[in-house]
Amino acid sequence: MTSAYPHDINVDLHMHSTASDGALSPEALVARAAGNGVQIMALTDHDTVAGQQAAREAAAQFGVQYVHGVEISVTWGGETIHVVGLDFDPTHAGLADILAGIRDGRLGRARAMADGLVAHGLPDLFDEAMSHAENPGLIGRTHFARALVARGLCPDMNSVFQRYLTPGKPGYLAHTWASLSQAVGAIRGAGGVAVLAHPARYRLSAIGLWALIDEFKTLGGSAVEVVTGSHTDREARRFQQLAVEHKLHASRGSDFHAVGESRFDVGAVPPLPDATRPVWHGWAH
Ligand code: AMP
Ligand code: MN
Ligand code: MN
Ligand code: MN
């Protein structure tokens with residue numbers, strides 16, 4: 001199957017499985033992607049490559065082109081930034097080390113998050129959050145959010161984050177992840193492409209965003225997400241222009257986590273605008 005024009009291919013390069021904070025197994029996620037007409041996909045779990053082999057094997061069965069993926073948590077200028085890595089060697093030791101280091105901090109953070117909620121008068125949700133995390137090493141805010149919704153303490157995921165799990169709220173804890181240089185360096189070292197994830201989500205001034213992109217490019221980062229489940233159409237247009245201005249390739253991904261939670265289904269985000277050069281340009285299809 002070939003396409004004359006890379007924008008016409010249904011490509012989804014950002015989604016999560018039970019290996020991090022998604023609700024579907026890698027296999028079920030690939031089946032869903034195939035059913036939705038996705039032609040090239042990457043599973044990009046937070047801070048782990050545990051789901052890569054299963055996703056790759058399932059993709060081969062479904063005839064979907066598979067690219068290895070990961071979404072690395074980074075602290076930059078006091079802000080949490082996500083860097084997606086694509087098309088790398090998932091067995092690379094340097095990358096594995098960085099990811100293991102990030103995961104190490106998650107358990108203690110989760111305990112402290114639970115304590116913060118208890119101090120606010122909520123029950124101790126540590127065990128319940130853990131029960132929502134199929135991969136305990138990846139325990140995070142989404143698992144706490146699911147526990148709070150399951151208890152009926154919040155009506156939906158969005159309100160949990162707004163009430164409890166964002167900066168300044170009782171279940172939020174400032175945390176230091178990897179450095180930008182470690183994340184981009186590990187992705188590049190493993191032969192991959194580094195993509196700045198959902199740039200509109202960061203609380204950065206225009207100058208801060210410029211500085212981030214400048215440093216990201218200097219470190220070897222080469223693409224930015226333009227169309228993502230985390231961007232409005234307006235934000236996608238803004239970052240399309242930014243990609244062109246900064247000579248960055250553009251990526252597209254749903255950031256799908258779960259049915260009923262995510263704004264867009266796998267492969268169902270709008271197409272990438274024409275003016276951008278897709279990050280998948282040149283990947284065989
Ligand atoms: P963590 O890595 O533990 O800080 O968790 C971050 C994850 O929380 C993100 O990857 C999203 O899946 C989820 N998240 C963050 N903000 C929101 C929100 N407003 N609504 C739903 N999920 C969110
Ligand atoms: Mn997530
Ligand atoms: Mn993210
Ligand atoms: Mn994501």
Side-chain angles (χ1 to χ4, degrees), residues 12-24 29 41-49 51 55 69-76 78-86 99 101-114 116-117 125-126 129-130 132-149 154-169 171-178 183 195-203 224-225 227-232 251-266 269:
D12 192 333
L13 301 175
H14 190 152
M15 62 188 83
H16 297 271
S17 76
T18 45
S20 65
D21 60 356
L24 299 181
L29 188 65
M41 68 170 283
L43 168 64
T44 54
D45 278 309
H46 299 283
D47 310 323
T48 182
V49 291
V70 68
E71 181 175 21
I72 305 184
S73 308
V74 163
T75 300
W76 184 87
E79 184 75 358
T80 296
I81 303 292
H82 286 170
V83 176
V84 164
L86 296 173
L99 298 179
I102 300 172
R103 289 196 302 271
D104 274 350
R106 280 190 175 268
L107 199 61
R109 172 190 186 240
R111 186 58 260 168
M113 281 169 61
L117 294 170
L125 292 165
F126 182 82
M130 284 301 270
H132 285 271
E134 209 155 293
N135 183 355
L138 253 297
I139 181 79
R141 286 187 286 160
T142 305
H143 308 110
F144 276 89
R146 290 189 184 131
L148 279 149
V149 172
C154 262
D156 56 55
M157 296 292 280
N158 219 349
S159 59
V160 185
F161 275 88
Q162 273 168 22
R163 269 193 234 168
Y164 297 114
L165 301 177
T166 42
K169 303 296 161 64
Y172 184 85
L173 202 79
H175 189 77
T176 303
W177 304 104
V195 185
L196 185 63
H198 43 63
R201 282 240 314 256
Y202 309 132
R203 298 166 307 165
V224 65
E225 279 185 350
V227 175
T228 138
S230 303
H231 283 177
T232 62
S251 193
R252 172 182 187 259
S254 58
D255 208 354
F256 178 81
H257 283 73
V259 177
E261 273 180 26
S262 299
R263 216 171 114 224
F264 290 101
D265 203 341
V266 190
V269 278

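Here, residue 1 is the first one in the sequence, and each next residue gets the next number. Both counts, for ligands and for their atoms, begin at 1 and track the order of listing.
Inclusion of Ser73 in the set of residues having an N or O under 3.5 Å from an N or O of ligand 1 is not warranted.
For atom 22 (N) of ligand 1, the closest heavy atom belonging to the protein is Phe161 CE1, 3.2 Å. Here the protein heavy atom with the shortest distance to atom 11 (C) of ligand 1 is Thr142 OG1, 3.9 Å.
Geometry note: the Mn ion (ligand 4) is the vertex, His16 NE2 and Glu71 OE1 are the arms, and the angle is 90° (rounded to 10 degrees). Considering the Mn ion (ligand 4) as centre, the angle to OD1 of Asp255 and to NE2 of His14 is 80° (10° rounding).
For ligand 1, the atoms sitting less than 4.0 Å from at least one non-hydrogen atom of Gly140 are 3 (O), numbered in the order shown with element in parentheses. Which parts of ligand 1 touch Asp21 is read off a 4.0 Å heavy-atom cut-off, strictly below it: atoms 7 (C), 10 (O), 12 (O). Interface of Asn158 with ligand 1, defined as ligand atoms under 4.0 Å from a residue heavy atom, comprises 19 (N), 20 (N). Against a heavy-atom cut-off of under 4.0 Å, His46 is close to the following atoms of ligand 1: 10 (O). Here is the list of ligand 1 atoms found below 4.0 Å of a heavy atom in Arg109: 1 (P), 3 (O), 4 (O).
The aromatic rings of His46 and His16 sit parallel, their planes meeting at an angle under 30°, below the 60° perpendicular limit.
For the atom pair Glu134 CD and Ile139 CD1, the distance stands at 12.5 Å (nearest 0.5 Å).
The backbone N or O of Asp255 sits less than 3.5 Å from a side-chain atom of His257, completing a donor-acceptor pair.
For the pair Lys169/Phe161, no side-chain contact is recorded, criterion being any heavy-atom separation below 4.5 Å from C-beta on.
Note on ligand 1: Arg106 sits in its first shell, one or more heavy atoms being nearer than 4.0 Å.
When you scan the N, O or S atoms of Asp21 for the one nearest the Mn ion (ligand 2), you land on OD2.
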